[in-house]
**Q** 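My structure is below; once you've seen it, I'll send some questions.
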Amino acid sequence: MGEPSIPRHIAIVMDGNGRWATRRLLPRVAGHRQGVESLKRCIDACIARGVAVLTVFAFSSENWKRPADEVGGLFELLAKALAREVPRLHQSGVRLFFVGDRAGLSDKVAGGFGEAEALTAGNRKLTLNICFNYGGRWDIVQAAQGLAGRGEAITEASLRGSLSLSHVPDPDLLIRTGGEQRISNFLLWQCAYSELFFSDRLWPDFDEAALDAAITDYQRRERRFGSVPAPACVVGAS
Ligand code: FPP
């Protein structure tokens, strides 16, 4: 028997930052700050384990409903994290993609995304998709509208090719931290056959050992993609 396979693409709903902070009597944005540290640790761990693609949910289309100071804090955090971390990610061979509706973002933020993508375009160690102002329903609608606008037929293949993650294979493993067991409008199309793993750890506490536990659990799953189990070995068969 060969080595158990490492998931090629891991997607993560990084939930629990707010509760992590509240339990420490800190403002929620302190939890997001710690969330960035946890994300850095997770990126390094994915590179070390040979994961090819990591996709994370950083800001959903619905997160605008949060208090203005939290939204502002998240954008400030993003700007600082980009300035500080993009050179380091580039050095580590990470290719960055920012996935989501840029129309809702300022020119400064959208410009920063474009610059980071251009700088890291030649990297191949890990593809990191940061979903920002993203929603799975938004993605399907924009893909369908694009096809309709160009007068192209809507088929499974054409729709897939118009989605904002068409540059990577679908996730093998979707992890959600923070104890909730739902998808929350993340990768609705792409997770059709992903293995789901729910962790009670809050995102800032999700460390290498927790990632390994998720990967080990994934390796025990039998993936059938709608088919039947592989036939058992028949004794005496030629
Ligand atoms: C969910 O926790 C987390 C978010 C809405 C933001 C996730 C963002 C980060 C981890 C920061 C990294 C992103 C970048 C690049 C800036 P929550 O606030 O819903 O937690 P709760 O469920 O405990 O309230």
**Q** Would you find a donor on one side and an acceptor on the other, under 3.5 Å apart, between the side chain of Arg223 and the backbone of Tyr193?
**A** yes
**Q** Looking only at side chains, do Arg176 and Ser184 share a donor and an acceptor under 3.5 Å apart?
**A** yes
**Q** Without hydrogens or angle criteria, can the side chains of Arg224 and Ser227 be said to hold a donor-acceptor pair below 3.5 Å?
**A** no
**Q** Would Asp44 and Arg88 pass as an ion pair if we require N to O under 4.0 Å?
**A** yes
**Q** Does any N or O in the side chain of Thr177 come within less than 3.5 Å of the main-chain N or O of Asp15, such that one atom is a donor and the other an acceptor?
**A** yes
**Q** Indicate yes or no for a side-chain donor-acceptor contact from Arg160 to the backbone of Glu156 under 3.5 Å, with no hydrogens or angles considered.
**A** no
**Q** I'd like a table of donor-acceptor pairs (distance under 3.5 Å, sequence neighbours excluded) in which one partner is a side-chain atom from residues 24-31, with atom names and distances.
**A**
| from | atom 1 | to | atom 2 | distance (Å) |
| --- | --- | --- | --- | --- |
| Arg24 | NH1 | Trp20 | O | 2.9 |
| Arg28 | NE | Glu70 | OE1 | 2.7 |
| Arg28 | NE | Glu70 | OE2 | 3.3 |
| Arg28 | NH2 | Glu70 | OE2 | 3.3 |

**Q** Between Ser61 (side chain) and Gly135 (backbone), is there a donor-acceptor pair under 3.5 Å?
**A** yes
**Q** Which value, rounded to the nearest 0.5 Å, describes the distance between Cys46 atom SG and Ile215 atom CD1?
**A** 6.5 Å
**Q** Side chains of His9 and Asp172 only: does a donor on one sit below 3.5 Å from an acceptor on the other?
**A** no
**Q** Establish, yes or no, whether a centroid distance under 6.0 Å links the rings of Phe59 and Phe132.
**A** yes
**Q** Any chance you could measure Leu82, atom CG, to Lys108, atom NZ, to the nearest 0.5 Å?
**A** 10.0 Å
**Q** What distance do Gln91 atom CD and Thr120 atom OG1 have between them, rounded to the nearest 0.5 Å?
**A** 13.5 Å
**Q** For Arg33, is there an ion pair with Glu37 - N to carboxylate O distance below 4.0 angstrom?
**A** no
**Q** For Asp217, which residues count as a side-chain contact (heavy atoms from CB on, under 4.5 Å) partner, sequence neighbours excluded?
**A** Phe197, Arg220, Arg221
**Q** Quick check on the hydrophobic clustering: are Met14 and Leu77 connected, directly or via other members, by side-chain heavy-atom contacts under 4.5 Å?
**A** no
**Q** Is there side-chain contact between Leu187 and Pro171, with heavy atoms separated by less than 4.5 Å?
**A** yes
**Q** Under 4.5 Å between side-chain heavy atoms, hopping through other hydrophobics if needed: is there a path connecting Val86 to Val99?
**A** no
**Q** Strictly by modelled atom types, are Asn133 and Trp64 linked by a side-chain donor-acceptor pair under 3.5 Å?
**A** yes
**Q** Checking Ser164 against Asp139: is there a side-chain donor and acceptor pair closer than 3.5 Å?
**A** yes
**Q** Starting from Val51, can I reach Leu96 by hopping between I/L/V/M/F/W/Y residues whose side chains sit under 4.5 Å apart?
**A** yes
**Q** Determine whether Leu54 and Ile12 make a side-chain contact, defined as any pair of heavy atoms from C-beta on separated by less than 4.5 Å.
**A** yes
